[in-house]
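Values below: all heavy atoms of this structure, side chains included; hydrogens, waters and symmetry mates excluded. Below, chain A is the first sequence line, B the second, and so on; all start at residue 1.
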Amino acid sequence: MATERYNPRNCEPRWQTAWDEAGLFAARNDDPRPKYYVLEMFPYPSGRIHIGHTRNYTMGDVVARYRRARGYNVLHPMGWDAFGMPAENAAIQNNIHPKAWTYDNIATMRTQLKMMGLSLDWSREFATCDVDYYHRQQVLFVDFFEKGLVARKTSKVNWDPVDHTVLANEQVIDGRGWRSGAPVETRELAQWFFRITDYADDLLQSIEGLDEWPEKVRLMQRNWIGRSEGLLIRWPLVDGTAPAGESELEVYTTRPDTIFGASFMAIASDHPLARKAAEGNAELAAFIEECRRMGTSVAALESAEKKGFDTGIRVRHPFDADWTLPVYVANFVLMDYGTGAIFGCPSGDQRDLDFANRYGLPVVPVVMPHDADAASFQITEEAYVDDGVMINSRFLDGMRPAEAFEAVADRLAGETLNGRPMGERRVNFRLRDWGISRQRYWGCPIPMVHCQACGVVPVPKADLPVTLPEDVDFSQPGNPLDRHPTWRDVACPTCGGAARRETDTMDTFVDSSWYFARFTAPQENDPTDRAAANAWLPVDQYIGGIEHAILHLLYSRFFTRAMRDTGHLDLAEPFKGLFTQGMVVHETYRAGDGRWLAPSEVRVSGGEGGRSAVEIETGQPVTIGGLEKMSKSRKNTVSPEEITDSYGADTARWFMLSDSPPERDVEWTDDGAAGAHRFVQRVWRLVGEAAPGLAGVAPAAAHDGAAAAVSKAAHKALKAVGEDIERLAFNRAIARIHELVNALQGPAGALGGDAALAPALRQALEMLVHMIAPFMPHLAEECWAALGGTDLVAARPWPEHDPALVVDDEIVLPVQINGKKRGELTISRAADQVTVERAVLELDFVRRALDGAAPRKVIVVPQRIVNVVA
RNA sequence: GCCCCUGUGGCGGAAUUGGUAGACGCGACCGACUCAAAAUCGGUUUCCGCAAGGAGUGCCGGUUCGAGUCCGGCCAGGGGCACCA
């Protein structure tokens, strides 16, 4: 009997309604079962969902559905990271209000997400641009401020001198403003900072406990925090060379052992000494100006050509009053790290060596390999950075660098300059405080007031929220809040006099640093319901892109600590398990005139080395480009509708998790989607055709006879699929399910004869339905109904496997001779090492290989392999 | 420039974490069914070789009875670098 094709377009909305009506996915805070919080990084509402987004949410959904089946009270919420620059750009370009643009996008994207059949708790949804949300963020800011976790300092921004606006690093292209094309300048602005450095040591040490995070992310965070132990050295300035009032230069170094290899000092272009020196030196001032035009991005600074300028200032060597060294301003020294000044030791650092070679400075080797000859050891083009022996270093000669470090530190601690020790041991962090001020409209207003009389004061909590005005003008560049006719004017909360609101808004990273906590009680009047936050947090499984490995995750870790210290919750680490997934990529298409074309506008033909494409509308040939991350600008996006309309959500879900391991990129291909859909139909046929013969049959495992193969296949797959889902190895789980379907195909067509087959097959199919349910929930429901089920699979528990059915009595051991596989041995699983060894030596090919001689060694790895060493 | 990651058939990838390299899928080819096509089902598919056999996990070297997996050195591609989110 022919089974009708499965029609997702009819079935999927029906089951989505059934789940909704049963209220299966709304998590209750008073549920007594153990909790499980699974969260995908929430999306920025850029316009439309593309298939890349849905991969992320599908992974979370598989975990959520699996954990529900395992008896957990699952929290799986969704929201919108809704503040940010693109909304303002849309306002400028298309004359649409950022708020309207954002909420329109959210509405579109919510509809798209709902088509995917995700088991989300929509009752907890919010957007970070909702007043209700940013109101509580302002409360947190005020609490942090009162706790001393907020600082006001100056920092540098990219300044567009034509548009008179601050530019994001992304808006600086090759040193020029993206709209005006003018070379950018660096400006100092007073800004708000969160004191994340107060937690530097804790954030570093606690990485140790994040054992469910990828090792690479932990490493990146460690390096980012960048704890180092070094020495602060005060170098005396040579009288007559230094600007008035300056008598020393502070340098932080992690290599004080190389102090006798020093040949120059280098200071940042915005170092106070550089500024003073430039006052009477036009050429130096011009050089500093040039440095300022590089913008504020570290990547741009450090990859630029290394340049320096001799200030004319000289320092005296701490261990030799007759030894003077020049002080350069260098474009690669950062004011933000250490003291903004270094001493250069060319022989021990490649960058210093390149600098010395460029400016004709001495190169004295001070560390050499243990086996080198001190008299002839030289450094010319390549610095020696490894461990070794000190040379040319007076009292340090013969020591190892680590000993020399201590010796220099001890000696300089005893010398004084201007009443302070010349050397002090210091722990330094690379991590800087988090600057959160943005000179933009579409963000959370910073709830502070500037009063002439009282200074800067926070807005009282009773007066919060400070809401964004809606009547704003985007016709000119810059922050519309600055130009608003009335919004800035406010009475000082302290003295009642005329005062001005802060017009900067918060970095959008602030919004995403605590949304996971808000989800635990999104209606609460306070930022959190402390009991709910403590009960649900930490997030058990957090899933998102590797691009967030450092900033977002580090900021969230800081925020959780700051919220703990201001009484909003009682834990330090927000994310117990972290998974970083890969992107969905697609090849790109370009018409002859350079236009990018969407996959839907192109017809691709041919295979095997000769793929070609034409534009459907014009029939003109199209250039096929490389695989790239799906993006609007390249038009290489595939929308979920394109798939759900023809194949259904289950096919899209299945395909996105097949093949590629979730942490790696996956290429979206039409063939792959079609293949996934064939599997959907295959499962449907398998169940549909067997169902009539299984009506009224009670499921039962078969332990003997031919039907046992069916039970063994099912129980083995069930165990493996559960384990794979727990390890987030979705591609392997899917391969297992394929194998099971392959194994069941034959028996399903051969019902009758063996009386044990029908119960075994029924059980196997029921297990199969539960295994596919996290991946293809709609199909699972349809199959379950076909088998006579009257409840929802989404509400059913995960089946249990029988341990007796997942082990085989006989095993096949590969047999190697000298490490190369030459054959196999089939033997009882219970056989001991001696029995295995004896059986192996009896094998024909082994006897032939040994040719009568005794083996030198036989290595038996139990249940794995045998290696005969001849 | 600095930090981190990845590299396996025509393609995506698997390999119980040092133990049979290529599971599973895609594509391709052959066959069955069909008047025919689609759909479906069965088979073949790392490379060289008729075969026996040999080679093989980006490249070079090392450790080991045994290396895709560990170590050293390269090459190529990707992510991040603090105002993209």
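In this structure, A:Val510 and A:Phe559 have side chains that are in contact, with non-hydrogen atoms separated by less than 4.5 Å. Side-chain contact check for A:Arg653 versus A:Met776: every heavy-atom pair is 4.5 Å or farther apart. A:Ile225 is listed as a side-chain neighbour of A:Ile207, based on a closest heavy-atom distance under 4.5 Å.
Applying the side-chain contact (heavy atoms from CB on, under 4.5 Å) test between A:Val836 and each of A:Val858, A:Val861, A:Leu841, A:Ile827 identifies A:Ile827 as the sole match.
Checking side-chain atoms of A:Asp349 against main-chain N and O of A:Arg351 turns up a donor-acceptor pair under 3.5 Å.
No engagement by A:Asp336 is indicated, since no non-hydrogen atom pair under 4.0 Å with the nucleic acid exists.
Between A:Phe355 and A:Phe332, the ring centre distance stays below 6.0 Å.
Regarding A:Arg685, its CZ atom lies at a distance of 9 Å from the C1' atom of B:C41, rounded to whole Å. B:G12 atom P lies 17 Å from atom NE2 of A:His738, rounded to whole Å. In this structure, CH2 of A:Trp213 is placed 17 Å from C1' of B:C5, rounded to the nearest angstrom. One can place CG of A:Asn818 at 15 Å from C1' of B:G19, the figure rounded to the nearest angstrom. A:Leu813 has its CG atom 20 Å from the P atom of B:G66, to the nearest Å. Per the geometry, CZ belonging to A:Phe679 stands 10 Å off C1' belonging to B:C24, to the nearest Å. The NZ-C1' distance, from A:Lys820 to B:G19, rounds to 15 Å in whole Å. For the pair A:Ile865 CD1 and B:U69 C1', the computed distance is 14 Å after rounding to whole Å.
When base pairs are accepted only as Watson-Crick or G-U wobble with both N-N or N-O distances under 3.5 Å, RNA chain B takes part in stems of 3 or more pairs at B:1-7 with B:75-81, B:10-12 with B:24-26, B:27-32 with B:40-45, B:46-48 with B:53-55, B:58-62 with B:70-74.
Between A:Lys821 and B:C65, a side-chain N or O to OP1/OP2 separation shorter than 4.0 Å is absent.
Checking B:U40, B:C26, B:G19 against every side-chain atom of A:Asn867, the shortest atom distance belongs to B:G19. Residue A:Arg5 has its side chain nearest to B:A39 when only B:C41, B:A39, B:G12 are considered. For A:Asn731, the side-chain atoms get nearest to B:G13 when compared with the rest of B:G13, B:U40, B:G19.
Taking atom C1' on both nucleotides, B:A14 is separated from B:C4 by 25 Å, rounded to a whole Å.
Nucleotide B:U17 is shown with a syn base, its glycosidic torsion being within 90° of 0. For B:G56, the glycosidic angle deviates from 0 by more than 90°, giving an anti base.
For A:Phe679, the ring-ring contact (aromatic ring centres under 6.0 Å, His included) partners two or more places apart in sequence, or in a different chain, are A:Trp654, A:His738.
In summary, A:Arg432 and A:Asp336 engage in a salt bridge, as defined by a charged side-chain N under 4.0 Å from a carboxylate O.
Atom-to-atom distance recorded for A:Tyr337:OH and A:Asn428:CG is 4.5 Å, nearest 0.5 angstrom.
The residue among A:Ile734 and A:Leu219 whose nearest nucleotide of RNA chain B is located toward the 5' end is A:Leu219.
Between A:Tyr515 and A:Tyr542, the ring planes are tilted. Angles from 30° to 60° get that label.
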*asked:* So if I define the base as every atom that isn't primed, P, OP1 or OP2, how would nucleotides 74-85 of chain B read as a B/S/- string at a heavy-atom cutoff under 4.0 Å?
replied: -----BSBBBSB
